[in-house]
Structures are given as C-alpha cells and as structure tokens.
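Here's the structure we're looking at; comments come further down.
Please read these numbers as outputs of a predicted model, since none were measured by experiment. The basis for the numbers below is simple: all heavy atoms, side chains too, and nothing from hydrogens, waters or symmetry mates. Order of the sequence lines sets the chain letters (A, B, ...), proteins ahead of strands, with each chain counted from 1.
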Number of protein chains: 2
Amino acid sequence: MTRRHNRTRGDRGIPEATVARLPVYLRALHSLQERGVATVSSEELASAAGVNSAKLRKDLSHLGSYGTRGVGYEVEYLVYQISRELGLTQDWVVAIIGVGNLGRALAGYGGFASRGFRVAALLDADESLVGERISGLAVRHIDDLEQVIDEHGVSIAVIATPAAAAQGLCDRVVAAGVTSVLNFAPVVLSVPEGVDVRKVDLSIELQILAFHEQRKNGGPGEGQGTDGWEGNGHGERARGDEPPETTQYVEAVDA
Amino acid sequence: MTRRHNRTRGDRGIPEATVARLPVYLRALHSLQERGVATVSSEELASAAGVNSAKLRKDLSHLGSYGTRGVGYEVEYLVYQISRELGLTQDWVVAIIGVGNLGRALAGYGGFASRGFRVAALLDADESLVGERISGLAVRHIDDLEQVIDEHGVSIAVIATPAAAAQGLCDRVVAAGVTSVLNFAPVVLSVPEGVDVRKVDLSIELQILAFHEQRKNGGPGEGQGTDGWEGNGHGERARGDEPPETTQYVEAVDA
DNA sequence: GTGACTTTGTGCGTGTGTTCACAAAGGCTT
DNA sequence: AAGCCTTTGTGAACACACGCACAAAGTCAC
C-alpha cells in the first residue's frame, strides 16, 4: 500500500543481493592486494569471500565483463570497479548521533575512514559530553544537529542512541536533507519514500544464533513434559505449551 | 561443494527468513506489552514491525495457530511462543572476546541481558586490561579462554577483536566446544560443519547505503567524462572506466 | 440462536535468488 | 599457427520468498 519501498533489484539492474555481497568481495580483494597477488580466479576469490564461485561470477558479471577467460580477474582493476560501483571513489560525510559506548566504538572504527567514509561530526544530548574530544573530534550538542549537517554536508547519519530517541532524531536528520540512515537503535524507523534506512541490531543476531543452537541440542521448549503456561483459556493449541501465569518472560528493556 | 551449509529452511520447517524476523516481532510485542496492550491484529503488529501483514501471519503460522479469527493475537501469549521458539526461555551464556571499544559497548548493551543472554566473561589479549572491571565483570586473559569457556559453560562466543586475531580465536572457541559464534571482526571465518557463525559488519552496511545514495544522485563514476584509469592494457571493457595508474584507491586497513 | 462483521490462515501466481553445467573465449605450448 | 587447457560468462532449472486475495473460523450484537 502507501509507501512500499519495493526496491529489490537495486536501482539499475544490480540485484540487491549482489550489492550486499560486493563489500565482501572488496574486502577479500584488498586482502589479496596486500599480499601482492595480482590475479585471482573466481574460484579463489569466491572461497576467500565464503561464497559459491558461480554466484561470484554472476555477481561480477552485473558490473560488466571484467575477467579474462583462462586467467581470472586482475585484482587491482576489480578493486577499482567494485569501489566505483559502490560509490567508494567519492567521499561520504558521516555524522554519528549518540556518543555512548557504541557511538564511541563507531567513531574509532578504522573500517569507516578506510572506505571513503569521513566521520565529520559526533553529536549527543548529554551536555556534559559536549566539547569532549573523541577520536580527534569534538562532540557537538544535539541542538546543533541541523546546523552541523548543513555545515559539513552530511549525507549519511548513523544513529547510535537509545531507542526512545531514535525516531525523533531520524525525523530531524531527514528533514535536514539526509537520505541515508544507518540505525543501531532497536526500533523500526519509519521514513518517507526516497530515504534509505539500514538497521544493525546486535541482539537480533544473537537471537538467531540461539534459535539454531536450541535446535542443535534438542527441540524447542527445553525438555521435560509440558513447559509452563497452565492453559488459562487457551484450549487446544497447535504446537508447544505455555508459560507460568503472570510472569514477564523477558524483561523488555529496549524501549 | 564440500561443506555446504545450505540450511535454508531452518531446521524443522521454519524458513530462515522467518526466523530472522521473529526477533523483530518480539520487540514490537514487548513494546505493546509495556503499553498494556493485551491483543493485536496482524495488521497492527505488522505495521509496528515494519512488514506486510500477510507476511506476518504466514510467519506466525509456522509456529502454530496462535491467533483468534475476528480478534487477533494475545500479546502475552505470543511473546511467550516466539520466545520459546527462539530459545529465549532458557539462558545462554555468552563470552565476549576482545575488550576494545566495541567489546565494551557490547558488554554494556542492555539488549543482551534482557533477552536471556548472560554475558559471563570478557577476555582480551592485552595484559594491562586483565583484571579491569567492565560492567561489573573482571576481564580475563585470553590464555584462559578454554578454561573460562568450560568454567561458565559458554555456548555463544562473541568475537570483537581485530581481524587478524579472529580466525585463530574462532578455532580455539570451536575446539573448546562452542558451536555458535557472533563475529564482529571484518573477516570471513571458516568453521567446521555444525558450527553457526553470524557476522555483523558495520562498514558493509555503510557501503550498501553509499551504493544507493550514489544512485539517487547521479549514476556511478561521479560525473564528468571518463573517470580515470588510463587504459593500461585493458582495451575495450564493458561498462565504466578505470582509475589513475598506480594509486591505491582505498586504503585497505582491516586485515 | 442467528446473522453480520472481523480477522486469521493459506493456496496460488509472481518475482528473486541460487546453482548447475556448458559453450565461448582467451592464453600458452609446441 | 594450431590445438590444448583453463576459466569466464550465462542459459536454464530449481528453490525460496513475497504478497494478493479469499474462504474458513471465530466474535459480538441483538
């Protein structure tokens, strides 16, 4: 209905799934480059990137025909082509909003600067943090958000605040003209059409691991007999049973 | 070929894509629960989780038939069922390896404790950090890794070290019996069959954003004329051109 | 108890992604 | 220059995921 994003298949023919893998290839290529390797076969590169070689070839074929049959791909050349396709040949100005533990970690993360991402500003709502220098950058107050975005020409905002503050700040950065947001807060951000949001959620990944871990051990429900939930109204349900009456099963902090 | 994981469709019928969304639903449900909501329709919950309502219903139907037609889903009951399916009704013991900026952020992250994940140990190779208390936990030396895993019955290892150290440490935790690894280091970890690895890469997400951002502005290549790479050997290529001679286009730090 | 209304659960068509397998293409050797 | 060998690029089959649209199932009002 209203506001479907529906941008599978990127923008111009490159499938979304491929785009998501290009950075992985790029990293593998950098690593090869450091070791002085000049040429790789799809088989080698695929293995370094942890994917199937046919998939790798098809992915690369979306960028153009950059390999040499019988030989492979020239590392340096491919690095450039992927970088260019991803937009890493130009600089992107990033602002990090929220300078808690995570914000600090991000500010100091080498992987940003090395890929054409320039962290130009750190912002926080806590007055006592304003002015503090972190990774060589003075923290600005969140009240200056719009001004800072404008000043530095920020094009990507990284939200590393508590969940409760995230949507409001997101609205503000979008209103200020930012069209790409990387969200670390555990909430679903809603944004207008044309704005991209990507989400990184630390605890979701753990939960997925827990699911598989549970399956490795024994089925769900963890064992003996019916597990809790003394059937207060729910007659016959499909699978599994239910927890003890009034308990709060998980504490629910994130909001 | 050898060692294909190929576990689409989880373990027992629940599609991987569904598993990945369950934590999102769970979060939305917790938020509703806090607001005292007792019942939700698929439409409401879907909107809170940022997905299509048909998809939500299909996802939930994989767990069993937990809704009431004409009414919706009972929040508390659904919270329990999803928690149980994900394995959050039992406690998972987590060790965080690497206590740099990121490791600290993770150690203090509320989203873990609140979901049945108990951070039982922090480890680092830096002698000067050993003994320091972070979020109420004393840092142990990485030499004690195996002992710590055994002591606490660690079942999930979080790797938050530099890339160079990651594979070696991964091998060690796997040898010590851990079968689930959450990797923040920018490398592809290789593990034996039966071990699950999930990867969180901060810079990959940014690169994907950059790709889309570039598309919004103007095509790739950033503009006027042919962009660099003075055709040193590459005659006629498919798309786009190439960068200036001997330059290192991106600095390549992560290894 | 009956009927109108709401909302679930799902069958089905469509599109996306993955993998196999092979022809086309290039290099290298003789 | 001819033929062999390697590796790419892709056609085609398959598997998975998504979302529409609707029948089945239940509630609520009267």
Next on the checklist: So B:Ala54, base contact, sugar-phosphate only, or nothing? Heavy-atom distance under 4.0 Å.
Outcome noted: base

Item to check | Side-chain donor-acceptor contact under 3.5 Å, B:Thr179 with A:Glu213 | outcome: yes

Checklist entry - Atom CG of B:Leu56 to atom P of C:dT10: distance rounded to whole Å? => result 14 Å

Checklist entry - Quick one: do the B:Ser41 and B:Glu44 side chains pair a donor with an acceptor below 3.5 Å? => result yes

Checklist entry - Just to confirm, is there a sub-4.0 Å distance from OP1 or OP2 of C:dT19 to any side-chain nitrogen or oxygen of A:Lys55? => result yes

Next on the checklist: Output the rounded distance in Å from NE2 (B:His62) to C1' (D:dC16).
Outcome noted: 11 Å

Checklist entry - Out of B:Tyr77, B:Tyr73, B:Tyr25, which residue meets the ring-ring contact (aromatic ring centres under 6.0 Å, His included) rule with B:Tyr66? => result B:Tyr77

Checklist entry - When you measure from the side chain of B:Trp92 to the backbone N and O of B:Gly87, does any donor-acceptor pair fall under 3.5 Å? => result yes

Next on the checklist: Counting only side-chain nitrogens and oxygens, does A:Asn52 get under 4.0 Å of the OP1 or OP2 atom of C:dC20?
Outcome noted: yes

Item to check | Note: B:Glu85-A:Arg215 ion pair, threshold 4.0 Å (strictly below) | outcome: yes

Checklist outcome for this item: B:Glu16 CD to C:dG17 C1', in whole Å, measures 15 Å

Checklist entry - What about B:Lys58, does its side chain sit under 3.5 Å from the base of D:dG19 through a donor-acceptor pair? => result yes

Checklist entry - How long is the line joining CD of B:Glu74 and C1' of C:dT7, in whole Å? => result 16 Å

Item to check | Separation of D:dG9 P from A:Leu63 CG (nearest whole Å) | outcome: 10 Å

Item to check | Contact letters for nucleotides 1-8 of chain D, in which S counts primed atoms plus P, OP1 and OP2 and B counts the base, heavy atoms under 4.0 Å | outcome: -----BBB

Checklist entry - Are the side chain of B:Arg198 and the backbone N or O of A:Leu209 linked by a donor-acceptor pair below 3.5 Å? => result no

